[in-house]
Amino acid sequence: MQTRKPERRPEELELIYNQRDIPREEHRYGLRPSADVGCGWVATYNALRLLGYQTDIDALIRYYEWQLPLIHGNAGTSFWGPAVCFRKWGFPVKVVMDRKKFDKAAAEADVCILFYHWRQGCRLGAHFVALHPAGTGFVGYNTYRNSTGPDPYGESLEAFLRQRKYFGAVLIAIRRKPG
């Protein structure tokens with residue numbers, strides 16, 4: 001599923017900046033469009049790209065659909081799904097559930113996947129984003145409905161989550177494979 005590619009800077013990689021740009025009939029996730037429920041596989045894809053790997057998107061989607069056999073991606077990805085994948089693929093992974101420890105764990109990681117819940121009026125949802133440390137802060141991908149490129153998160157993931165009133169967050173901190 002993964003092949004090594006020469007190292008490039010994040011701005012030179014083919015990343016998905018906004019899942020809503022995925023055509024509705026392309027890369028279906030279960031019975032639904034990835035534009036609606038594909039943030040989990042998109043975050044995994046972006047994290048792999050940031051680590052210098054390529055992957056087959058449809059194979060990645062099938063892998064996630066297999067993780068929850070009765071749901072098949074129709075409700076999105078389980079919050080533990082990316083951690084399971086990266087561990088299986090041989091990456092050192094740390095799962096952090098205490099938001100006060102997010103900044104340290106993310107700063108020590110090569111790339112992270114952040115899962116959180118959001119609320120807007122009566123609507124409730126969840127989202128995955130890929131991010132990495134950059135300079136004195138963090139940069140994420142596929143963060144907002146109108147994202148068109150990398151999204152600056154500032155110096156603190158905890159502050160980023162608190163300011164937006166996101167809750168139920170889990171950080172998956174991923175390091176490059178040893179050797």
Side-chain angles (χ1 to χ4, degrees), residues 7-21 34 36-53 55 60 64 67 75-89 91-121 123-178:
E7 295 294 318
R8 297 189 335 202
R9 294 189 318 262
E11 62 273 11
E12 297 173 329
L13 298 173
E14 296 170 19
L15 298 169
I16 298 172
Y17 295 119
N18 192 324
Q19 75 192 65
R20 302 219 180 277
D21 293 338
S34 286
D36 295 339
V37 295
C39 61
W41 76 255
V42 168
T44 302
Y45 171 85
N46 282 342
L48 284 167
R49 298 296 295 141
L50 290 165
L51 289 166
Y53 290 85
T55 190
L60 181 61
Y64 274 129
Q67 276 188 346
T77 304
S78 63
F79 78 88
W80 67 85
V84 170
C85 289
F86 278 93
R87 282 188 179 132
K88 181 179 179 181
W89 298 330
F91 291 91
V93 173
K94 182 179 184 180
V95 178
V96 183
M97 298 176 117
D98 182 350
R99 285 173 34 162
K100 292 179 180 166
K101 296 180 181 178
F102 280 13
D103 294 336
K104 183 177 187 308
E108 294 171 353
D110 293 306
V111 68
C112 296
I113 294 178
L114 178 63
F115 171 82
Y116 55 83
H117 289 88
W118 55 265
R119 179 179 357 201
Q120 186 176 24
R123 293 182 52 211
L124 181 67
H127 193 53
F128 284 94
V129 295
L131 64 95
H132 63 92
T136 60
F138 302 97
V139 173
Y141 303 88
N142 189 38
T143 308
Y144 308 109
R145 286 182 176 269
N146 62 351
S147 291
T148 58
D151 300 304
Y153 287 17
E155 295 180 11
S156 171
L157 294 176
E158 182 188 14
F160 175 81
L161 293 165
R162 187 177 357 92
Q163 289 168 355
R164 286 157 187 78
K165 298 182 180 167
Y166 296 155
F167 60 97
V170 176
L171 181 76
I172 301 167
I174 305 159
R175 301 279 306 162
R176 296 187 188 284
K177 289 183 183 182

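In this chain, numbering begins with 1 at the start of the sequence shown.
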Inset, instruction - Only counting residues at least two apart or in another chain, list the ones meeting side chain to side chain contact (heavy atoms under 4.5 Å, CB included) with Pro152. - result: none

Inset, instruction - Can you measure from OG1 (Thr143) to OH (Tyr153) and round to the nearest 0.5 angstrom? - result: 2.5 Å

Legend entry - For Ala107 against Pro133, the heavy-atom pair lying closest together: O-CG, 4.1 Å

Legend entry - Nearest-0.5 Å distance, OH of residue Tyr45 to CG of residue Leu60: 10.0 Å

Legend entry - Check: Ser156 and Phe138 side chains under 4.5 Å, non-hydrogen atoms: no

Inset, instruction - Provide the closest heavy-atom pair for Thr136 versus Glu155 in the form atom of the first, atom of the second, distance. - result: O-CG, 3.2 Å

Inset, instruction - Of all the heavy-atom pairs spanning Ala105 and Ala173, show the shortest one and how long it is. - result: O-CB, 3.9 Å

Inset, instruction - Kindly say whether Asn146 contributes a backbone atom to a donor-acceptor pair with the side chain of Arg20 at under 3.5 angstrom? - result: no

Inset, instruction - Return the minimal non-hydrogen interatomic distance between Ala130 and Ala43, and the atom names on each side. - result: CB-O, 3.5 Å

Legend entry - ring pair (Phe, Tyr, Trp, His ring centres under 6.0 Å) partners of Phe79, counting only residues at least two apart: none

Inset, instruction - May I ask you to decide if Arg123's main-chain N or O and Arg119's side chain share a donor-acceptor pair within less than 3.5 Å? - result: no

Inset, instruction - Kindly indicate whether the side chain of Ile172, heavy atoms from C-beta on, has any atom under 4.5 Å from the side chain of Val93. - result: yes

Inset, instruction - With the side chain counted from C-beta on, respond yes when Leu131 and Leu157 share a heavy-atom pair under 4.5 Å apart, and no when they do not. - result: yes

Legend entry - Validation row: Phe128, Val42 side chains within 4.5 angstrom (heavy atoms): no

Legend entry - Non-hydrogen side-chain atoms of Phe86 and Thr44 separated by less than 4.5 Å: yes

Legend entry - Minimum side-chain heavy-atom gap Val111-Asn46 below 4.5 Å: no

Inset, instruction - Kindly say whether Ala109 contributes a backbone atom to a donor-acceptor pair with the side chain of Lys94 at under 3.5 angstrom? - result: no

Legend entry - Non-hydrogen side-chain atoms of Trp80 and Phe115 separated by less than 4.5 Å: no

Inset, instruction - Determine, using ring centers only, whether Tyr116 and Phe102 are less than 6.0 Å apart. - result: no

Legend entry - Heavy atoms from other residues, nucleotides or ligands near CZ of Arg87 exceed 12 (cutoff 6.0 Å): yes

Inset, instruction - For residues Val96 and Lys101, report the shortest heavy-atom separation together with the two atoms involved. - result: CG1-CB, 3.8 Å

Inset, instruction - State the CG-CZ distance between Leu171 and Arg99, to the nearest 0.5 angstrom. - result: 11.5 Å

Inset, instruction - State, yes or no, whether a side-chain contact exists between Asp110 and His132 at a heavy-atom distance under 4.5 Å. - result: no

Legend entry - Closest non-hydrogen atom pair between Arg164 and Tyr144, with its separation: NE-OH, 3.2 Å

Inset, instruction - Classify the angle between the aromatic ring planes of Phe167 and His117 as parallel (below 30°), tilted (30 to 60°) or perpendicular (above 60°). - result: parallel

Legend entry - His127 side-chain N/O to Asn142 backbone N/O, donor-acceptor pair under 3.5 Å: yes

Legend entry - Main-chain N/O of Ser147 paired to Asn18 side chain as donor or acceptor, under 3.5 Å: yes

